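Only one structure is covered here, and it is reproduced in the block below.
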2 protein chains.
Amino acid sequence: MTDPMEERATTPARLRSLPTRLLSLVTMHSDRIVTEGLAGADARKWHYAVLATLEEAGPASQAELSRRTGVYRSDLVSVINELSARGLVERAPDPADRRRNVITLTEAGRDRLRRLDALLGSLADEVLAPLDAAERDQLTALLTRLLDHHGGHPAPGGG
Amino acid sequence: MTDPMEERATTPARLRSLPTRLLSLVTMHSDRIVTEGLAGADARKWHYAVLATLEEAGPASQAELSRRTGVYRSDLVSVINELSARGLVERAPDPADRRRNVITLTEAGRDRLRRLDALLGSLADEVLAPLDAAERDQLTALLTRLLDHHGGHPAPGGG
DNA sequence: GTACATCGTTAGTGCCACTAACGCAAGCGG
DNA sequence: CCGCTTGCGTTAGTGGCACTAACGATGTAC
């Protein structure tokens, strides 16, 4: 029973215009939408990242997946566990280098990737709802430049 | 000693152009820069948020600060502890409503706020380095529209 | 005066980025 | 062949943060 007249306390102008804070807040909403959306499809952000990387670059070791996706080697273990438990990837020892595992996308994985592609598209639509196509491109371009300037990933593998 | 020729594994195009992922990644860098910058000044993000709110809106109860800043009531306790331990705010029981505490900005708090203002300005400069003034305005405007559309804060007090 | 809402506070959960260390395997120099 | 270094997968653990639940004390509404 929240009062319809509920006066939502106003945030100071200084905070509202702080770009770093804006980024944090918007990303919080965005991440929540994406995380919940993916959870509804029995998936997580990293699942998609790994599946997409595998499709575009082919089978790879876990370390290489780590470098490409930005997921830490240590966290990748459980991601691969989950994916292979669902039959979306296969984990096999690399005969050429016995330190490595070769991770391969299965047919089921490819199918799942299709669906996640569509799902993430609609989730992005939800996040960017108030912007038209040109503005979305603008935003993407600006963010891409910021990201490139700051060196892409934290690059977990790379020291 | 990073090798200048180090071949940074390329991230799939699909991931690079995903706006929700861009937001996450950029914000990770931004948050890190801000958090580390503030840590160097013995402060945290919420310190600034609380101090700024107090200056703009005057003394307030913790619950009201929570509503204005978006910080949860429960987490605000330790923030106020830290701020009052540093002599930047004063916490006193409200004689008019004995459930409440009145949080007041001290002179030292005002001084600190000035310095944090400057610091955060330069940190924002660092984050937005590759963008010129017009582009920064663009970004801020786009983010503000997204934030407004998604309802400002999670509004911890009001759920 | 009884039911309900609000306030400050404590405790705890779950997620995520990140670090440390270990055992194993490969490569390289002598 | 041997020792050193490097990369690999894996386990365990840390710290911060968003968020929930509950409680005692206090205010408000009916």
Side-chain angles (χ1 to χ4, degrees), chain A residues 1-3 6-7 9 21 24-25 27-36 38-39 44-47 49 60-67 69-82 84 91-103 153-159, chain B residues 1-3 6-7 9 21 24-25 27-36 38-39 43-47 49 60-67 69-82 84 89 91-103 153-159:
Chain A
M1 292 298 157
T2 38
D3 192 323
E6 138 187 27
E7 38 172 331
R21 183 179 163 94
S24 279
L25 255 22
T27 299
M28 252 190 68
H29 287 291
S30 166
D31 274 357
R32 183 198 315 255
I33 288 172
V34 169
T35 301
E36 287 179 358
L38 286 178
R44 295 197 279 136
K45 284 196 287 180
W46 301 132
H47 292 190
S61 72
Q62 298 183 194
E64 195 174 338
L65 285 175
S66 167
R67 277 175 231 120
T69 59
V71 180
Y72 275 72
R73 244 158 69 240
S74 45
D75 296 327
L76 227 140
V77 176
S78 68
V79 174
I80 303 293
N81 285 345
E82 292 164 7
S84 78
R91 181 202 257 134
D94 185 341
D97 183 340
R98 305 208 327 260
R99 292 171 301 180
R100 301 185 185 177
N101 292 333
V102 182
I103 311 300
H153 294 312
Chain B
M1 301 280 159
T2 37
D3 187 14
E6 139 188 23
E7 40 171 331
R21 183 179 163 95
S24 279
L25 255 22
T27 298
M28 252 190 68
H29 287 290
S30 166
D31 275 357
R32 182 197 316 255
I33 287 172
V34 169
T35 301
E36 287 179 357
L38 287 178
R44 295 197 278 135
K45 284 196 285 180
W46 294 330
H47 292 191
S61 71
Q62 297 183 194
E64 196 175 337
L65 285 175
S66 167
R67 278 176 230 119
T69 59
V71 180
Y72 276 71
R73 248 161 60 243
S74 44
D75 296 326
L76 204 62
V77 176
S78 68
V79 174
I80 303 294
N81 285 345
E82 292 164 7
S84 79
V89 304
R91 179 201 259 135
D94 185 341
D97 183 342
R98 307 210 325 260
R99 292 172 303 180
R100 301 184 187 180
N101 291 335
V102 182
I103 312 300
H153 293 313

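Note that the structure is a prediction, hence the values are computed from the model and not measured.
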Exercise. Heavy-atom distance under 4.5 Å between the side chains of B/L65 and B/V79, does that happen here?
Worked result: no

Exercise. B/D97: what forms a salt bridge (charged side-chain N to carboxylate O under 4.0 Å, His left out) with it, not counting sequence neighbours?
Worked result: B/R99, B/R100

Exercise. Can you name the closest pair of heavy atoms from B/R73 and B/S66 and give their distance?
Worked result: N-OG, 3.5 Å

Exercise. Closest approach of B/Q62 and B/L76, non-hydrogen atoms and distance?
Worked result: O-CD2, 3.0 Å

Problem set entry | Partners meeting side chain to side chain contact (heavy atoms under 4.5 Å, CB included) with B/R44 (sequence neighbours left out) | B/W46, B/H47, B/S78, B/E82

Problem set entry | Spacing of B/L25 atom CG relative to C/dC18 atom P, expressed in whole Å | 10 Å

Problem set entry | Under 3.5 Å donor-acceptor, B/S61 side chain and B/N101 backbone | no

Problem set entry | Distance test, side-chain N/O of B/Y72 to OP1/OP2 of D/dT20, below 4.0 Å | yes

Exercise. Between atom CG in A/L65 and atom P in D/dG7, what is the gap in whole Å?
Worked result: 18 Å

For this session: Take atom CG of A/L38 and atom C1' of C/dC15, then tell me their distance rounded to the nearest Å.
Result: 15 Å

Problem set entry | Nearest-Å distance for atom pair CG/P, residues B/L76 and D/dC19 | 15 Å

Exercise. So which of residues 92-99 of chain B are in contact with DNA chain C, with a heavy-atom cut-off of under 4.0 Å?
Worked result: B/R99

Exercise. Roughly how many Å is it from NZ in A/K45 to C1' in C/dC15, rounded to a whole number?
Worked result: 10 Å

For this session: Take atom CZ of A/R21 and atom P of D/dC17, then tell me their distance rounded to the nearest Å.
Result: 13 Å

For this session: Sequence neighbours left out, what passes side chain to side chain contact (heavy atoms under 4.5 Å, CB included) with A/S24? Give chain and number order.
Result: B/T27, B/D31, B/K45

For this session: Figure out the CZ/P separation between A/R100 and D/dC8, and round it to whole Å.
Result: 5 Å

Grab the N/O contacts between the protein and nucleotides 10-16 of chain D below 3.5 Å, and write none if there aren't any.
unit_1	atom_1	unit_2	atom_2	d
D/dT10	OP2	A/Q62	OE1	3.0
D/dT10	OP2	A/Q62	NE2	2.8
D/dT10	OP2	A/R91	NH2	3.3

Exercise. Quick one: A/E36 CD to C/dC15 C1', roughly how many Å, whole number?
Worked result: 13 Å

Exercise. Think A/R32 has a side-chain N or O under 4.0 angstrom from the OP1 or OP2 of C/dC15?
Worked result: no

Problem set entry | Interatomic spacing from CD in B/E64 to OG1 in B/T69 - rounded to 0.5 Å | 10.5 Å

Exercise. So does A/W46 get a side-chain nitrogen or oxygen closer than 4.0 Å to the phosphate oxygens (OP1/OP2) of C/dA17?
Worked result: yes

